[in-house]
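Starting from 1, each residue takes its place in the sequence as its number.
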Amino acid sequence: MLNCHYTSSMYNSIKEEEDTYHQFDEIVFVSKYVKESFYRLFPSLNTKGRVLYNPIDIDQIKKLSKAFNVDYDKTTFITIGRLTNQKGFDRLINAVSKLSNENFNFQIIILGKGPKYNELKEQIHNLKLENYIFLKGFEPNPYPYLLASNAFISSSRSEGLALVLCEALILNKQIIATNCSGVNEALDYGKYGHIIENSELGIYIGIKDFLINGSNYTISEKAFSKFSLKKSIEKICDLIDNISLPKSGI
């Protein structure tokens, strides 16, 4: 939140925003990192708030990942997300451009749609990367594509806690992710994936290292069990039960 304080445009001042939050019974954060960033920005609110991870249906994701077969004929990295500046796909494309000049045989699959589609498509064309990067648009079921890939890449400039990162863990995928917000939390500070420098150079080095050395992270159920649907629903119910509702005037 410190690096991406998008709500500031909705208030006349930071004091006005802070006063608004003081009116809430509870403040819910998607990750511990976001909560800590919020408290640094609004220290007077550090007695309010709890972390509730977005619910993920683990069994459903595993089931959907086997809905159809996907075959790749070369080392394949996949990334999934809305095509916006935040996701850093422009940096990913530039990193791939450098690697394409080093004769590596691989491809990047980008699933998603968004306002940057035409711009990214033009960037791929200008850098002559049509054989390396494929903008596939929105896929209603991206999980078979994710399951068939060699690794998932997150090139984001900022993230709260990316759901797709958690979904990649569920499907036991190798992960290369830029160091931002919830990434450390999701990957347990590098225990379950390769956390790289949050830069174009970091993305380049991360992909190159995988292409040369591979990766051998072992994903256990501990990596994603905290995001389970059951645990999340239990915490949401607990939140509702513990909020003091105003007494009815009737």
Side-chain angles (χ1 to χ4, degrees), residues 1-8 10-11 17-65 67 80-82 84 86-87 112 138-143 146 152 154 156 158-173 175 177 180-189 191-193 219-250:
M1 186 165 184
L2 290 171
N3 297 325
C4 188
H5 186 194
Y6 66 90
T7 55
S8 62
M10 303 173 189
Y11 297 90
E17 183 175 2
E18 187 174 25
D19 289 344
T20 300
Y21 294 133
H22 274 293
Q23 306 304 311
F24 296 165
D25 292 297
E26 188 68 87
I27 302 172
V28 178
F29 304 95
V30 297
S31 72
K32 294 176 183 176
Y33 184 93
V34 172
K35 183 178 77 168
E36 291 163 2
S37 296
F38 181 87
Y39 288 162
R40 286 198 293 272
L41 195 58
F42 303 109
S44 68
L45 288 156
N46 65 7
T47 58
K48 287 188 177 185
R50 67 175 76 189
V51 174
L52 289 182
Y53 295 124
N54 288 319
I56 300 177
D57 192 333
I58 294 171
D59 292 336
Q60 180 71 353
I61 287 172
K62 290 180 177 179
K63 179 181 177 181
L64 287 172
S65 73
I80 305 169
R82 185 164 164 75
T84 61
Q86 176 200 350
K87 298 299 182 181
F138 173 76
E139 286 288 344
N141 180 9
Y143 304 115
L146 177 58
F152 173 81
S154 172
S156 294
S158 63
E159 286 287 354
L161 189 82
L163 280 179
V164 68
L165 200 68
C166 306
E167 292 166 346
L169 288 174
I170 290 168
L171 296 181
N172 200 34
K173 303 315 300 178
I175 294 174
C180 58
S181 339
V183 167
N184 274 307
E185 194 168 335
L187 299 182
D188 198 7
Y189 297 89
K191 185 176 181 180
Y192 301 120
I219 312 301
S220 70
E221 190 174 337
K222 289 182 180 180
F224 54 80
S225 60
K226 60 185 175 183
F227 306 113
S228 73
L229 181 65
K230 183 175 184 294
K231 287 186 177 181
S232 295
I233 294 300
E234 286 175 350
K235 289 184 177 181
I236 290 170
C237 290
D238 179 67
L239 168 67
I240 295 171
D241 288 343
N242 285 280
I243 290 179
S244 298
L245 296 176
K247 294 181 180 179
S248 171
I250 298 175

Chemist: Can you list everything that forms a side-chain contact (heavy atoms from CB on, under 4.5 Å) with Gln23? Sequence neighbours excluded, please.
Modeler: none
Chemist: Output the distance between atom CG (Leu52) and atom CD1 (Ile27), rounded to the nearest 0.5 Å.
Modeler: 12.5 Å
Chemist: With rounding to the nearest 0.5 Å, note down the distance linking CG in Leu45 to OG1 in Thr47.
Modeler: 7.0 Å
Chemist: Write down the atom of Ala186, the atom of Leu169, and the distance for their closest heavy-atom approach.
Modeler: O-CD1, 3.5 Å
Chemist: If you take all heavy atoms of Leu187 and Gly193, which pair is closest and at what distance?
Modeler: CD1-CA, 4.1 Å
Chemist: Is it true that a side-chain atom of Glu185 and a backbone atom of Tyr33 form a donor plus acceptor pair closer than 3.5 Å?
Modeler: yes
Chemist: Quick one: closest heavy-atom pair of Glu26 and Lys48, and the distance?
Modeler: OE2-C, 4.1 Å
Chemist: Applying side-chain contact (heavy atoms from CB on, under 4.5 Å), name anything that partners Asp188, two or more places apart in sequence or on another chain.
Modeler: Lys191, Tyr192
Chemist: Do any N or O atoms from the side chain of Glu159 and from the backbone of Cys180 form a donor-acceptor pair under 3.5 angstrom?
Modeler: no
Chemist: Might you point out which heavy atoms bring Leu146 and Ala168 nearest each other, and give the distance in Å?
Modeler: CD2-CA, 3.9 Å
Chemist: Can any side-chain N or O of Lys62 pair as donor or acceptor with the backbone N or O of Ile170 at less than 3.5 Å?
Modeler: no
Chemist: Using every non-hydrogen atom in the two residues, find where Glu167 and Ile61 come nearest and quote the distance to one decimal.
Modeler: CG-CD1, 3.5 Å
Chemist: Atom CG in Asn172, atom OG in Ser65: separation rounded to 0.5 Å?
Modeler: 11.0 Å
Chemist: If you define the side chain from C-beta out and look only at heavy atoms, does anything of Val183 sit under 4.5 Å from Ser156?
Modeler: no
Chemist: Under the ring pair (Phe, Tyr, Trp, His ring centres under 6.0 Å) test, which residues partner Phe224, sequence neighbours left out?
Modeler: none
Chemist: Do Glu17 and Leu41 come close enough that some side-chain heavy atom pair is under 4.5 Å?
Modeler: no
Chemist: Go through it in stages, so that I can follow the logic: the residues are Val164 and Phe152, the test is side chain to side chain contact (heavy atoms under 4.5 Å, CB included), and I'd like the CA-CA distance, side-chain angles, deciding distance and then a yes or no.
Modeler: CA-CA 9 Å; Val164 68; Phe152 173 81; 3.5 Å; yes
Chemist: Before you tell me yes or no, could you show the steps for Ile219 and Leu171 under side chain to side chain contact (heavy atoms under 4.5 Å, CB included), namely the whole-Å CA-CA distance, both residues' side-chain angles and the distance that decides it to 0.1 Å?
Modeler: CA-CA 9 Å; Ile219 312 301; Leu171 296 181; over 6 Å; no
Chemist: For Phe138, which residues count as a ring pair (Phe, Tyr, Trp, His ring centres under 6.0 Å) partner, sequence neighbours excluded?
Modeler: none
Chemist: Check side-chain contact (heavy atoms from CB on, under 4.5 Å) between Lys230 and all other residues, then give those that pass, not counting sequence neighbours.
Modeler: Ser228, Glu234
Chemist: Taking the six-membered ring for Trp, are Tyr11 and Tyr21 parallel (under 30°), tilted (30 to 60°) or perpendicular (over 60°)?
Modeler: tilted
Chemist: Taking only residues two or more places apart in sequence or in another chain, which ones pass side-chain contact (heavy atoms from CB on, under 4.5 Å) with Leu64?
Modeler: Gln60, Asn141, Tyr143
Chemist: Show the numbers, then the answer: is there a side chain to side chain contact (heavy atoms under 4.5 Å, CB included) between Met10 and Thr20?
Modeler: CA-CA 11 Å; Met10 303 173 189; Thr20 300; over 6 Å; no
Chemist: For the side-chain contact (heavy atoms from CB on, under 4.5 Å) test, which of Asn54, Val51, Leu163 pairs with Val30?
Modeler: Asn54
